Amino acid sequence: MTESWFRREFLTPRRLIFNVLFYGLQLFFFGYGWFSQERNQKLAALNGLKWSVWVSRGAGLTLAFLGGCILLPMLRNVIRIIRPKLAWLFPADENIWFHRQVAYALAFWSMVHTTAHYVNFFNVERTQVRVEKALDIHYTQPGGITGHFMLLIMVLMYTTAHHKVRHQCFEAFWYTHHLAFFWFIGLYAHATGCFVRDSVEPAYTYTFPFYNTEFCLGYESWRWTIWPGIAYFAERVWREIRARRATRLSKVLVHPSGAMELRIIKPSFKYVAGQWLFINIPEISSYQWHPFTITSAPEDPYVSVHIRQVGDWTFGLGDRLGAGPSVVQAMTKAAMAGQEKDEDGYGTRGNFVELASGSRDLPEVRIDGPYGAPAEDVFNVEVAVLIGAGIGVTPFASILKHIWYRQKKGTLMNLKRVEFFWVCRDAPSFGWFQTLLQEVEEAQIDPNFLRINIYLTQKISEDMLWNIAVNDAGAEYDPLTLLRTRTMFGRPDWKTIYSRMRQAIEVGQYLPGINSQLKTNVGTYFCGPTVLARAIKEATVAETTKDINFSFAKEHF
Amino acid sequence: MGNLIWHEWARYVSITASLYSIWAAFYGILYRKFFWDFIGGTLRAPGGLQPSPGIALFIDIIVKAPVVQLITMFMAMGMVALEFPAPFVKGTSIQRNFTIKLVMLIMQAFSAIMFYQGTNGAIYSLVAAIGYGRAMMLGEVMEEAKNNKGRGGKA
């Protein structure tokens with residue numbers, strides 16, 4: 001942790017506003033719930049239980065508020081639609097982060113609420129303000145039953161959502177998290193037992209909501225909290241319908257590096273560069289939806305994703321498509337052998353094998369999406385700095401292709417220059433991406449428009465060093481990446497890169513014709529690990545001046 | 001993707017259950033009640049539930065003196081120390097032994113179910129015990145931690 005907790009939470013204006021609003025609202029609801037119970041003359045009998053009933057009611061109202069909040073960040077389609085309009089107001093791409101904050105708060109207030117109720121029921125039994133046993137309230141009345149069930153569900157959901165478990169076994173997280181359905185039923189039904197009442201017996205009725213609000217004096221919070229639930233349910237239904245629209249897997253290409261490229265044709269699927277989708281192959285698993293970045297440009301007649309065989313599901317997919325590990329291994333070996341023999345064989349890595357679709361029928365696929373990513377905004381800035389680290393480079397395939405198409409059409413809008421950075425441990429494992437970069441690089445007429453910078457961070461063996469030293473000298477293409485651009489070694493120094501860029505812009509070298517009076521926007525779009533993101537963000541913040549605005553956006557998976 | 005490592009998951013449940021039990025035992029000392037006192041008890045107003053004389057022993061160790069609550073609290077604290085793990089158990093073979101954890105969790109569940117506030121802690125402890133049981137059935141082992149491993153980012 002490089003910065004202190006206090007600095008991060010309180011000295012960053014946006015975070016401060018969020019903290020004040022989010023936690024302030026919770027405290028407000030707690031206080032309001034407390035006093036509306038304490039001051040209510042109708043509930044004088046319950047108020048005989050003193051502080052425990054006030055605490056339970058206050059925490060209950062806060063929990064209702066949080067229960068209404070927890071689904072909001074999961075409304076993916078709604079977020080995608082409102083994102084362009086409201087990106088300035090809140091970081092729409094941080095939706096999972098917000099979901100987690102609400103969950104933590106829910107856990108805390110559940111503890112407060114539950115503790116207070118244990119004391120309440122204990123005292124109900126002791127004083128007999130109502131003639132019943134504590135355990136009757138806990139285990140025979142709706143409030144108690146739903147409450148205990150919700151707590152158990154929370155234990156299961158929270159423990160399987162831990163990032164370690166989630167990474168080990170996504171299924172355990174994914175299926176367990178659907179217990180949320182029952183959790184919400186519990187939430188909406190929690191007050192149906194009419195515990196908060198001024199009558200002796202619960203005032204049940206035969207019509208919805210099955211209790212008489214004249215005597216049952218709860219907050220009726222389900223009237224609000226149910227709407228996000230309905231919206232989320234509707235969204236899931238809509239996603240299901242949309243996924244069932246005509247989709248056809250038209251081609252499967254296997255790249256020598258082992259990546260499988262699926263080309264899918266779905267006319268109803270509209271997207272922009274840099275977005276991602278969920279893919280589902282019923283033959284492998286009918287319920288699993290896996291997220292992948294779209295690697296085709298919107299102009300392409302198909303939607304493509306590149307899939308590397310790394311887990312159960314992707315291995316299964318490889319087997320099903322006839323590109324199992326053995327096949328890929330053989331191909332990789334062949335490609336590498338061929339490359340060694342044929343030193344000047346440019347593009348050997350780019351050769352892919354199209355699996356004959358006639359010999360083997362292709363499985364049915366379903367796709368759901370697209371979902372948002374900040375890189376949609378590249379055309380609103382003058383200079384776009386695209387930084388991909390490792391596997392995080394995938395969204396830029398689509399973006400670079402898209403830029404290339406628009407370059408051909410001459411509709412680049414504000415965009416004057418593109419700086420592309422690719423930081424990775426070993427470039428050869430992303431052979432398919434190199435092919436794409438080659439195409440884009442070849443197509444450049446203006447040598448200054450697109451600059452590709454590749455940084456290789458792996459340790460270099462002696463053999464490799466010689467290889468580079470001998471092959472690199474005077475060669476037209478870089479021996480490692482087969483691009484005109486030279487590969488650089490080691491980690492990039494972001495501070496220097498950005499300060500050079502700023503100086504170049506200031507003296508007018510970088511963007512000829514840009515008037516110094518005008519504000520220049522340099523947008524950075526990053527996809528990769530958080531540690532790197534922080535370093536780059538610091539560099540962008542440090543270099544921002546009156547005339548040059550460096551902005552930063554990070555993508556999430 | 002991949003397989004669930006049961007003992008790692010069970011550890012999270014076990015920590016949750018133990019923290020719950022510590023808290024439950026704490027306010028179980030303030031509001032003392034035997035969970036099973038409804039068996040043979042009579043409800044009187046005013047006066048509340050009058051336990052049957054047959055269970056006087058439990059009333060002695062839960063209501064008159066909070067013995068069970070204290071035992072649960074110490075057991076749960078021990079469990080947290082074992083699971084977290086505290087510096088003095090870190091790297092010992094006890095910390096990596098699922099059998100001990102399973103037995104401790106079942107014992108914790110037994111003592112927590114005795115008092116009014118402990119039921120959920122008991123249920124979660126059993127869930128964690130099931131997790132460890134499953135880990136043992138699958139033959140999972142906890143690797144011995146390597147001492148010479150540098151901390152991330154500080155190498």
Side-chain angles (χ1 to χ4, degrees), chain A residues 1-2 52 107 110-112 114-136 138-139 147-149 151-152 154-156 158-162 164-176 285 288 290 309-316 531, chain B residues 1-20 22-24 26-28 30-39 41-51 63 115-128 130-131 134 140 151-154:
Chain A
M1 206 181 284
T2 47
S52 62
S110 299
M111 191 271 281
V112 175
T114 310
T115 306
H117 267 320
Y118 265 89
V119 177
N120 280 341
F121 305 159
F122 180 94
N123 284 332
V124 166
E125 182 182 275
R126 195 174 52 81
T127 60
Q128 290 295 302
V129 49
R130 284 180 193 158
V131 185
E132 55 196 354
K133 285 179 274 189
L135 296 186
D136 288 341
H138 274 297
Y139 301 109
H148 286 294
F149 260 102
L151 285 175
L152 180 61
M154 278 167 76
V155 169
L156 298 175
Y158 283 50
T159 49
T160 50
H162 191 281
K164 261 188 169 169
V165 175
R166 214 170 54 216
H167 288 172
Q168 266 161 28
C169 179
F170 187 77
E171 290 92 334
F173 157 72
W174 177 247
Y175 293 133
T176 315
S285 161
Q288 283 177 37
H290 289 256
Q309 297 183 20
V310 285
D312 281 355
W313 188 84
T314 46
F315 281 137
V531 193
Chain B
M1 281 184 272
N3 293 316
L4 179 66
I5 301 173
W6 283 81
H7 74 260
E8 289 193 6
W9 170 72
R11 176 175 164 250
Y12 302 132
V13 182
S14 169
I15 291 173
T16 315
S18 305
L19 290 176
Y20 191 114
I22 293 172
W23 176 240
F26 170 70
Y27 73 96
L30 305 178
Y31 298 91
R32 297 174 198 172
K33 176 169 158 58
F34 175 45
F35 181 78
W36 304 97
D37 62 359
F38 60 90
I39 300 171
T42 42
L43 197 60
R44 211 181 286 157
L49 195 69
Q50 306 299 315
V63 179
F115 61 96
Y116 168 66
Q117 290 89 343
T119 41
N120 283 341
I123 293 169
Y124 308 158
S125 300
L126 288 179
V127 172
I130 291 169
R134 181 83 188 138
E140 285 176 11
R151 291 189 65 178
K154 282 185 179 172

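Bear in mind that the values here come from a model prediction, so they are computed numbers and not experimental data. So you know, we letter chains A, B, ... as the sequences are listed, proteins then strands, and number each from 1.
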Checklist entry - Between atom CZ of B:Phe38 and atom OH of A:Tyr139, what is the distance when rounded to the nearest 0.5 Å? => result 10.0 Å
Item to check | Region of A:Leu135 in contact with chain B, defined by heavy-atom distances below 4.5 Å | outcome: side chain
Checklist entry - In terms of heavy-atom pairs under 4.5 Å, which option from A:Val124, A:Val165, A:Val119 contacts chain B the most? => result A:Val119
Item to check | Under 4.5 Å from a heavy atom of chain B, the part of A:Phe173 involved | outcome: neither
Checklist entry - Say you draw a straight line from CE of A:Met111 to OH of B:Tyr20; how long is it, rounded to the nearest 0.5 Å? => result 10.5 Å
Item to check | B:Arg44 versus chain A, the contacting section by heavy-atom distance below 4.5 Å | outcome: backbone
Item to check | Atom pair OH/OH of B:Tyr31 and A:Tyr118 - distance to nearest 0.5 Å | outcome: 15.0 Å
Checklist entry - How long is the gap from OH on B:Tyr124 to OG1 on A:Thr159, to the nearest 0.5 Å? => result 10.5 Å
Checklist entry - Any side-chain heavy-atom pair from B:Val127 and A:Leu156 closer than 4.5 angstrom? => result yes
Checklist entry - Do you know the tightest heavy-atom contact between A:His138 and B:Tyr116? => result NE2-OH, 2.9 Å
Checklist entry - Atom OG1 of A:Thr115 and atom CH2 of B:Trp23: how far apart are they, to the nearest 0.5 Å? => result 5.5 Å
Checklist outcome for this item: Distance col, row A:Glu125:CD vs B:Leu49:CG, nearest 0.5 angstrom, shows 4.5 Å
Next on the checklist: Between A:Tyr158 and B:Thr16, is there a side-chain heavy-atom distance shorter than 4.5 Å?
Outcome noted: no
Checklist entry - If you look at every heavy atom in A:Ala134 and B:Lys33, which pair is closest and at what distance? => result CB-CE, 4.1 Å
Next on the checklist: Minimum heavy-atom separation for A:Cys169 and B:Asn3, please, with both atom names.
Outcome noted: CB-C, 3.7 Å
Checklist entry - Are more than 12 heavy atoms from other residues, nucleotides or ligands located less than 6.0 Å from atom CZ of B:Phe26? => result no
Checklist entry - How far apart are the C-alpha atoms of B:Asn120 and A:His148, what are their side-chain angles, what is the distance that settles it, and do they pass the side-chain contact (heavy atoms from CB on, under 4.5 Å) test? => result CA-CA 8 Å; B:Asn120 283 341; A:His148 286 294; 3.1 Å; yes
Next on the checklist: How close do A:Lys164 and B:Tyr12 get, counting heavy atoms only, and between which atoms?
Outcome noted: CD-OH, 3.4 Å
Item to check | Engaged part of B:Gln117 at the chain A interface, taking heavy atoms whose separation is under 4.5 Å | outcome: both
Checklist entry - Does some side-chain heavy atom of A:Leu152 sit less than 4.5 Å from a side-chain heavy atom of B:Ile123? => result yes
